[in-house]
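Counting starts at 1 for both ligands and their atoms, following the listed order. When a residue number appears, it is its place in the shown sequence, counting from 1.
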Amino acid sequence: MATQQVSAEWHSWIKDNLVRGCDEASIIAAMVQGGIDPVAAGIALLQGMSSPAQGNLALAQPSGYHYTTPRFPLAGNIIQTHDRAVRVAMRITQPVVAVLDSFMSNEECDELVQLSRAKLQRSTIVDPTTGRDRVIEDRKSSGTFFTLHENPLVARLDQRISDVMRWPVENGEGIQILNYQIGGEYKNHFDYFPPEDPGSAVHLAKGGQRVSTLVMYLNDVEQGGETIFPSIHLAVSPKKGSAVYFEYCNELGQVDAMSLHGGVPVIAGEKWIATKWMRQSRYC
Ligand code: PD2
Ligand code: ZN
């Protein structure tokens with residue numbers, strides 16, 4: 001069976017062949033012949049073409065993370081959830097990222113925003129040393145949480161989210177709603193709790209590591225506000241009702257530094273999102 005893991009040797013082989021002027025189709029063909037999955041070969045080629053410096057190449061292979069079988073399905077254009085068909089607009093496998101169309105209706109987006117407006121509070125981050133919540137400039141937004149099944153809409157969405165993320169409802173933290181005004185942003189970060197940070201322990205005790213995220217866009221942003229994945233040069237534009245999924249903790253408990261991501265500043269308009277974080281086990 002073809003492998004999705006492209007070794008450092010393959011990456012350097014791609015570089016050599018690009019420098020020699022080989023055409024892209026023959027590079028991919030040789031990799032597939034060598035047992036690499038065609039999609040993985042294409043992504044590795046794109047990384048080689050967009051990162052001429054050796055340092056960037058190192059970014060693509062940072063930490064020995066093993067891309068074991070993803071939770072998110074590797075194929076299929078539609079994900080049938082308990083109440084809605086969700087369309088896969090694009091997916092990549094290293095890191096695992098997928099953009100989903102029509103995840104929510106306009107009415108559902110509007111209702112979530114209306115239910116949240118009066119409850120918003122300034123967002124915080126986890127202090128890496130103490131584990132306590134802290135307000136910092138890197139995260140300029142306000143937000144609020146719903147508990148699991150807090151109302152019929154949230155219960156329906158929690159189930160839909162679980163169907164798409166292929167992970168139990170009980171493992172999810174409550175849906176978080178975030179609002180960014182002009183200039184609001186969330187600088188590059190990981191959603192997992194860095195195992196080496198002393199402050200992570202208190203959070204890991206509540207259901208283990210975070211394994212995957214779904215960011216759901218609740219409005220169209222006039223300008224800015226993209227969700228970016230700098231390691232893979234990807235920017236996802238907010239579109240009302242769509243969502244971006246990514247996963248970063250495999251069945252071995254390793255975390256994927258390639259999942260680095262951020263929300264870039266809103267330039268015009270405002271941005272509303274809902275976020276779901278899944279844990280390794282039941283969240284408590
Ligand atoms: O606002 C976003 O697009 C965004 C991007 C990355 C939000 C988060 N992460 C998050 O809340 O973790
Ligand atoms: Zn995040």
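Taking the ring centroids of F190 and Y248, they lie at or beyond the 6.0 Å cut-off.
No donor-acceptor distance shorter than 3.5 angstrom exists from the side chain of E251 to the backbone of T68, with no hydrogens or angles considered.
By the ring pair (Phe, Tyr, Trp, His ring centres under 6.0 Å) test, Y245 is found to be paired with F72, residues two or more places apart in sequence or in another chain being considered. Every residue meeting the side-chain contact (heavy atoms from CB on, under 4.5 Å) condition with V264, not counting sequence neighbours, appears here in chain and number order: E226, I228.
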Output block, N or O contacts of ligand 1, threshold 3.5 Å exclusive:
| residue | atom | partner | partner atom | Å |
| --- | --- | --- | --- | --- |
| ligand 1 | 1 (O) | Y180 | OH | 2.7 |
| ligand 1 | 1 (O) | K271 | NZ | 2.9 |
| ligand 1 | 3 (O) | T227 | OG1 | 2.6 |
| ligand 1 | 3 (O) | K271 | NZ | 2.7 |
| ligand 1 | 9 (N) | H189 | NE2 | 3.2 |
| ligand 1 | 9 (N) | H261 | NE2 | 3.2 |
| ligand 1 | 12 (O) | H189 | NE2 | 3.3 |
| ligand 1 | 12 (O) | D191 | OD1 | 3.1 |

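Listed by chain and residue number, the protein N/O/S atoms under 2.8 Å of the Zn ion (ligand 2) are H189 NE2, D191 OD1, H261 NE2, with waters left out.
Residue K240 places its NZ atom among more than 12 non-hydrogen atoms of other residues, nucleotides or ligands, all under 6.0 Å distant.
Rounded to the nearest 0.5 angstrom, E173 CD and K206 NZ are separated by 8.0 Å.
With hydrogens and angles left out, the side-chain atoms of N179 and E270 include a donor and acceptor closer than 3.5 Å. In the model, D256 has no side-chain atom that pairs as donor or acceptor with a side-chain atom of Q254 under 3.5 Å.
By the criterion of side-chain heavy atoms lying less than 4.5 angstrom apart, applied directly or through intervening Ile, Leu, Val, Met, Phe, Trp or Tyr residues, L178 is grouped together with W277 in one hydrophobic cluster.
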